[in-house]
Number of protein chains: 2
Amino acid sequence: MRKRRTKDDWTDIALRALVEGGVAAVAVEPLAARIGATKGSAYWHFPNRDALLTATLERWEREHTEAVIARVQAEPTPLGRLRRLFAVALEDSRDNAVELALLAAKDDPAVAPVLRRVTDRRVDYLTDLFHDIGFPDDAARGRAVLAYSAYLGQAQLLAAAPDLVRRRGLLDDTLAVVTARG
Amino acid sequence: MRKRRTKDDWTDIALRALVEGGVAAVAVEPLAARIGATKGSAYWHFPNRDALLTATLERWEREHTEAVIARVQAEPTPLGRLRRLFAVALEDSRDNAVELALLAAKDDPAVAPVLRRVTDRRVDYLTDLFHDIGFPDDAARGRAVLAYSAYLGQAQLLAAAPDLVRRRGLLDDTLAVVTARG
DNA sequence: ACGGTTCCATACGGGGGCGTATGGAAGGAG
DNA sequence: CTCCTTCCATACGCCCCCGTATGGAACCGT
């Protein structure tokens with residue numbers, strides 16, 4: 001077994017802990033126990049717990065946010081992209097958990113900027129999508145916020161009361177409603 | 001100044017702390033300091049920290065969930081009630097904060113049952129509303145979940161990125177979209 | 001006013017997470 | 001092989017929160 005760990009080894013388990021237990025679970029000592037090491041390693045790679053958390057969040061942001069958008073861009077039509085976006089976003093419960101963890105810790109100074117960037121990026125992308133679908137600039141942004149709200153809310157419900165949101169046709173319903181002309 | 005405190009005094013500040021700092025902020029010692037007492041008082045009124053938290057949540061559930069619904073029922077038309085519900089729900093940032101705190105701590109055994117009951121109650125009420133508006137039973141429930149998702153999402157955004165959701169006409173937009181016939 | 005009950009302050013031990021210091025092991029360069 | 005750098009284990013002190021024990025103050029009935 002390898003003895004030495006890298007920064008990435010640490011952000012790896014930190015991310016896993018984040019998914020499972022939220023921001024509070026990104027704690028040096030429990031993580032060290034889990035990775036089969038001691039704090040000594042962590043505090044060599046990172047100056048403190050906050051730096052570890054920040055590195056973890058930034059890595060997630062770098063690797064996942066754009067990945068989803070890239071995957072969605074494969075779809076030929078804007079409406080298809082929107083549909084795929086919702087499907088992909090709500091299916092990947094791992095990614096979802098990070099999102100909810102960030103929302104839950106939005107006041108943490110390490111979390112706020114990441115959350116802000118990710119939110120802006122996603123709403124912007126949705127705005128483009130609605131624009132391409134045919135909504136004028138202003139309405140497109142409104143729909144984007146609405147759609148993103150619906151996504152966030154469904155993600156929450158999915159975690160808190162799964163039976164409510166696991167209904168046949170909810171995805172199609174949501175899409176139909178969100179893209180309906182005024 | 002009064003020296004002796006009641007159970008309600010404790011759940012009062014516990015609720016205030018919950019609003020400001022989430023479930024984790026409902027901690028005996030900080031609360032005691034804040035109320036100008038010591039742990040001794042808390043541990044006389046409650047067997048442990050969990051009991052205090054539970055009492056706080058149940059009190060909030062008792063006093064606020066139904067209050068909102070009662071207030072909304074004053075509106076004459078179902079559509080008016082729906083509109084008022086959204087307006088009231090999103091304006092009361094205090095109540096909103098509790099909601100988000102519960103969502104953020106949904107895995108806490110003291111929180112889960114309350115969250116579940118509140119969610120069910122609200123979705124049920126929304127279902128009735130959509131039914132009264134004219135949607136058949138099945139569609140009404142779908143719209144209720146959708147509307148509640150939109151509310152949750154907007155509450156999140158309101159806390160995380162207020163400028164995005166503070167747009168003129170978003171409320172009307174949301175209502176129009178959510179009540180649109182398929 | 002006095003005796004019992006209700007309430008609470010103080011003091012203590014425990015656990016868990018943070019951060020520091022220090023000695024030493026593992027790996028690479030020569 | 002040797003030396004130097006990189007990495008990490010151990011041990012320590014600190015803070016914060018939980019929960020318990022105990023003596024005593026405040027309140028109430030009579």
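We name chains A, B, ... by the order of the sequence lines, and we start the count at 1 in each one. As the structure is a prediction and not an experimental result, all values here were calculated from the model.
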[N] [atom2] sits how many Å from [X] [atom1], rounded?
X       : N      : atom1 : atom2 : value
A:Phe46 : C:dC18 : CZ    : P     : 13 Å
A:Lys7  : D:dC8  : NZ    : P     : 12 Å
A:Leu52 : D:dC8  : CG    : P     : 14 Å
A:Arg4  : D:dT6  : CZ    : P     : 10 Å
A:Asp9  : D:dC8  : CG    : C1'   : 13 Å
A:Tyr43 : C:dA21 : OH    : C1'   : 14 Å
B:Arg5  : D:dC27 : CZ    : C1'   : 15 Å
B:Ile35 : C:dC7  : CD1   : C1'   : 13 Å

* Asked: Between B:Thr65 and B:Arg121, is any side-chain donor less than 3.5 angstrom from a side-chain acceptor?
  -> no
* Assess the side chains of B:Thr11 and B:Trp60: does a donor N or O sit below 3.5 Å from an acceptor N or O? => no
* **Residue list, salt bridge (charged side-chain N to carboxylate O under 4.0 Å, His left out) with B:Asp137, at least two apart or on another chain** => none
* Using a cut-off of 6.0 Å, state whether more than 12 heavy atoms not belonging to A:Arg71 lie near its atom CZ. => no
* Asked: Relative to the 5' end of DNA chain D, which residue comes earlier, A:Gly36 or B:Pro30, by the nucleotide with the nearest heavy atom?
  -> A:Gly36
* **Closest to the A:Ala27 side chain, choosing from C:dC8, C:dG17, D:dC18** => C:dG17
* Asked: Taking the side chain of A:Trp44 as its heavy atoms from C-beta onward, which of D:dT6, C:dC8, D:dA9 lies nearest to it?
  -> D:dT6
* **Full working for salt bridge (charged side-chain N to carboxylate O under 4.0 Å, His left out) between B:Asp128 and B:Arg141** => CA-CA 8 Å; B:Asp128 289 348; B:Arg141 190 148 193 88; over 6 Å; no
* Looking only at side-chain N and O atoms, does B:Arg49 come under 4.0 Å of OP1 or OP2 in D:dC16? -> no
* Asked: Is the shortest side-chain N/O distance from B:His45 to OP1 or OP2 of C:dC8 below 4.0 Å?
  -> yes
* To do: Would you mind classifying the nucleic acid contact of B:Ser41 as base, sugar-phosphate or nothing, using non-hydrogen atoms under 4.0 angstrom?
  => sugar-phosphate
* Contact class for B:Ala37 vs. all strands (heavy atom < 4.0 Å): base, sugar-phosphate, or nothing? -> sugar-phosphate
* Between A:Glu29 and A:Pro47, name the one whose nearest nucleotide on DNA chain C is closer to the 5' end. => A:Glu29
